[in-house]
Enquirer: 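One structure follows; several queries about it will come next.
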Amino acid sequence: MSAGEREAWLDRLCARDDDPADAPQEYWDPESSAPPPGEDELTGEELAGVAEAAADEMAGLDAASSGRRGPGMAGSARIFPGESASRAGGFGAGMAWDVLPGCAQLAVAADAAVDGDGLGDCFAGVADQELIGLVCAWDRVEAHAAARKLVAVAEVFRRNPEDGFEPAPGQMPEVVHEFTRDQLALALGESRAAADWLLTVAWHLATRLGSTLDALRDGTISRGKAELIVRLTALLDDDEARQVEGKVLGRAGRLTPGGLRSAVARAVMEVAPGKARERRETAAKFARVERWAEDSGNAALMGRELPPDEVLACDQRIRWWAGELQAAGLDGGMDELRARAFLDLVLGTDSRPRAPGATDPAGADTSPAGMAQQPPGAGPGAGAGPAGAGGGGGFAGRVTLTVPLGTAAGRADRPGELAGHGPVDPWLARDLLDAAAASPATTWCVTVTDEHGHAVGHGCARPEPRRHAKRAGPGPPGGGGFSFTPAGPDGPPGGYGTWRLRIPGGGPGLIVAIETLDTRNCGHRHQARGHDPGVRLRHLAQIRHATCTSPVCRRPAAQCDFEHNTPYEAGGRTCLCNAGPKCRHDHRLKQHPGWTVDQLPDGTFRWTTPAGRSYDTEPTRYPI
């Protein structure tokens, strides 16, 4: 919203509220016995005109509120009937102050909406949904203030160029004077590093990320999200950075920081895949292990810039050994057991509780005391872990890798997605695909997406019958690479036919029958008769929503409950049109009084809170 549009908006609001005490009364008091002298009752035609004008006004307000939300808060405002007598009535869902972008006037209105600076009485009469509106308003004001501050910092940058970097009049220099950060650090009571980062963010927003600055000024995104965009686009040139902005800003306000980080990283890989690869390979040269003292008095140990596939393999091995410790009766929650497992694997020790002198089947003393006498490497780290989580690193087992077919076949450089890690650049994606293809335990699926990356079809590959393989002929020349060719027009009803997938290394092809995930006219093809879903139905639900369906949760769907939107006990189907993954916390939250979740035909989940505000979760967006 431009400054002129904002002023016009405020003028209209003020015109509504202007009511001088000495102005003649214009409205009939309904408690009086007759209409005002000289005036007749409104005719039916006049009443219809009033109703039409009111409808136009509400429609305009609804359009203005479309997509408005507090920074970092997923969802949109809804208009509720009725009026509020509280001082915060204008902050109710869909009301004027609830949809106004961040600005100084909004701060004044929010400050005047409550009486006092404390809790309790100063919010007397304020409804829950109005209180949430106030919180969101202050969030937008906070973002607006951060934008104004960064504009001022950018001016400090402009006025203090490094010697030899004098810009043209009105332009920003490329380099700021080295002592400018000291000036800011002293003024703000910050470290030099923090002041330097502030100057960097201000420069990027002022020179090439103007849309991000506008979104911050309006309160659509928070300062933290703006800084995240700056950090992840720093390696790009100006035009590339603006392309990334265009791909993510439309949904940045409703994404969590983790979701936005993933979206920006993927957009960077789409816009400049070569630079993303260069950044990853350069950063790998600075791989390190860091340790530091925790505030509690304990210590921390962390590896940085490590290969993603090996990190996931390590994580699975830690999870496996933590399960062994739990099964052996070691006390503690899973986080504590994972920490103990991490130390066991690094030190070659065994923390499983055993009687002194206990031995394993091979005759070795595996009590804690006995393990202390064994040479390094004789602990759990030297033994065999679960398949795919071996100690030598390599691709982790039971991890979902999603790669566009064009990237897999070497015809495009689009990023992939590694579950539990996030986007991966095309070269790393192909390396991981080759590693997966070398394992006979790897399973393959094909997902069809729409233009937004939402899954609309899916098929799981199965070995091709030998008679079909002979008819199909040999695979790709040289036996290498991926290919995906039609195998026949037939397939699941409403689906996308049957296809033949060949993977590197030659060998027989795989047959993939792709069925639809559209539930707008659900045929209940995979409906289960009882409460529990079949393997296929659970898999399809996890494909459409790869994470928990809460707007703010990113727990992988494989670690979530299969949850009936309309409870099975209330007649809800065990079907894709009435189910989705929810983590245990959000499963319980949905069942809590005052919370409701609606599953829309397109797979969107709409959460409505006890305060009456609604937030949407769209299906997962896959690489396209």
Side-chain angles (χ1 to χ4, degrees), residues 1-3 5-6 63-77 99-103 136 139-151 154 200-273 275-276 414-415 417 422-423 450-454 551-552 554 604 615-624:
M1 181 179 287
S2 66
E5 291 172 331
R6 183 180 290 113
S65 69
S66 176
R68 290 299 310 166
R69 60 210 50 163
M73 295 300 296
S76 58
V99 299
L100 188 69
C103 58
C136 291
D139 219 10
R140 297 198 298 278
V141 168
E142 184 178 37
H144 176 79
R148 292 297 195 192
K149 174 183 174 181
L150 287 165
V151 169
T200 299
V201 172
W203 184 88
H204 280 271
L205 294 179
T207 58
R208 63 199 203 121
L209 294 174
S211 296
T212 300
L213 179 61
D214 290 341
L216 179 62
R217 183 185 294 116
D218 286 347
T220 304
I221 63 173
S222 64
R223 174 178 163 180
K225 290 185 177 181
E227 292 184 357
L228 191 152
I229 294 172
V230 168
R231 184 165 59 252
L232 294 183
T233 58
L235 77 160
L236 307 179
D237 61 33
D238 293 357
D239 183 62
E240 292 167 341
R242 294 187 186 104
Q243 290 184 55
V244 171
E245 270 189 326
K247 288 176 175 290
V248 301
L249 274 184
R251 53 197 174 106
R254 68 175 183 267
L255 292 174
T256 64
L260 179 60
R261 180 180 293 105
S262 180
V264 176
R266 182 190 298 172
V268 169
M269 293 175 188
E270 291 172 349
V271 170
K275 290 182 178 179
R414 306 283 289 176
E417 190 94 13
D450 62 16
E451 66 274 18
H452 302 296
H454 299 148
V552 295
R554 290 175 56 77
T604 296
Y615 310 96
D616 290 353
T617 305
E618 65 177 344
T620 296
R621 294 197 182 206
Y622 286 96
I624 56 175

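The structure displayed is predicted, hence computed values, not measured ones.
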Enquirer: Measure the shortest side-chain to side-chain distance between Lys149 and His144 over non-hydrogen atoms and say whether it is less than 4.5 angstrom.
Expert: no
Enquirer: Do the non-hydrogen side-chain atoms of Val151 and Leu205 ever get within less than 4.5 Å of each other?
Expert: no
Enquirer: If I compare all heavy atoms of His204 with all of Ala234, which pair ends up nearest, and what's the gap?
Expert: CE1-CA, 4.2 Å
Enquirer: Give a yes or no on whether the backbone of Ala252 and the side-chain of Lys225 come within a donor-acceptor separation of less than 3.5 Å.
Expert: yes
Enquirer: Measure the CG-OG1 distance between Leu235 and Thr233 for me, rounded to the nearest 0.5 Å.
Expert: 8.0 Å
Enquirer: Do Glu245 and Leu209 come within less than 4.5 Å of each other through their side chains, counting heavy atoms only?
Expert: yes
Enquirer: Residues in side chain to side chain donor-acceptor pair (under 3.5 Å) with Glu240, at least two apart?
Expert: Lys275
Enquirer: If we only count heavy atoms from C-beta on, is the Glu270 to Val244 side-chain gap below 4.5 Å?
Expert: no
Enquirer: I'd like to know whether Leu255 forms a side-chain contact (heavy atoms from CB on, under 4.5 Å) with Val248, so could you lay out the CA-CA distance, the side-chain angles of the two residues, the decisive distance to 0.1 Å, and finally the verdict.
Expert: CA-CA 10 Å; Leu255 292 174; Val248 301; over 6 Å; no
Enquirer: Roughly how far, to the nearest 0.5 Å, is the CZ atom of Arg266 from the CZ atom of Arg414?
Expert: 9.5 Å
Enquirer: Any side-chain heavy-atom pair from Val201 and Trp203 closer than 4.5 angstrom?
Expert: no
Enquirer: Using the rule given for salt bridge (charged side-chain N to carboxylate O under 4.0 Å, His left out), can you reason through Asp239 versus Arg242, listing the C-alpha separation, both sets of side-chain angles and the distance that settles it, and then say yes or no?
Expert: CA-CA 5 Å; Asp239 183 62; Arg242 294 187 186 104; 5.4 Å; no
Enquirer: Please confirm whether the backbone N or O of Thr220 pairs with a side-chain atom of Arg140, one donor and one acceptor, at under 3.5 Å?
Expert: no
Enquirer: Go through the structure and list residues passing side chain to side chain donor-acceptor pair (under 3.5 Å) with Thr604, not counting sequence neighbours.
Expert: Asp602
Enquirer: Which one of His452, His454, Arg251 satisfies the side chain to side chain donor-acceptor pair (under 3.5 Å) criterion with Glu618?
Expert: His454
Enquirer: Mind checking the OG-CD spacing from Ser262 to Glu417? Nearest 0.5 Å is all I need.
Expert: 4.5 Å
Enquirer: Should the pair Arg223-Glu227 be classified as a salt bridge under the 4.0 Å nitrogen-to-oxygen rule?
Expert: yes
Enquirer: To the nearest 0.5 Å, what is the distance between CG on Asp616 and CZ on Arg254?
Expert: 8.5 Å
Enquirer: Partners of Glu142 by side chain to side chain donor-acceptor pair (under 3.5 Å), sequence neighbours excluded?
Expert: none
Enquirer: What distance separates Leu213 CG from Ile229 CD1, expressed to the nearest 0.5 Å?
Expert: 11.0 Å
Enquirer: So, for Leu249 and Thr212, which heavy atoms are closest and what is the spacing to 0.1 Å?
Expert: CD1-N, 3.7 Å
Enquirer: Under 4.5 Å between any side-chain heavy atoms of Ile221 and Leu260, yes or no?
Expert: no
Enquirer: Measure from the side-chain N and O atoms of Thr256 to the backbone N and O of Gly259, and report whether any donor-acceptor pair falls under 3.5 Å.
Expert: yes
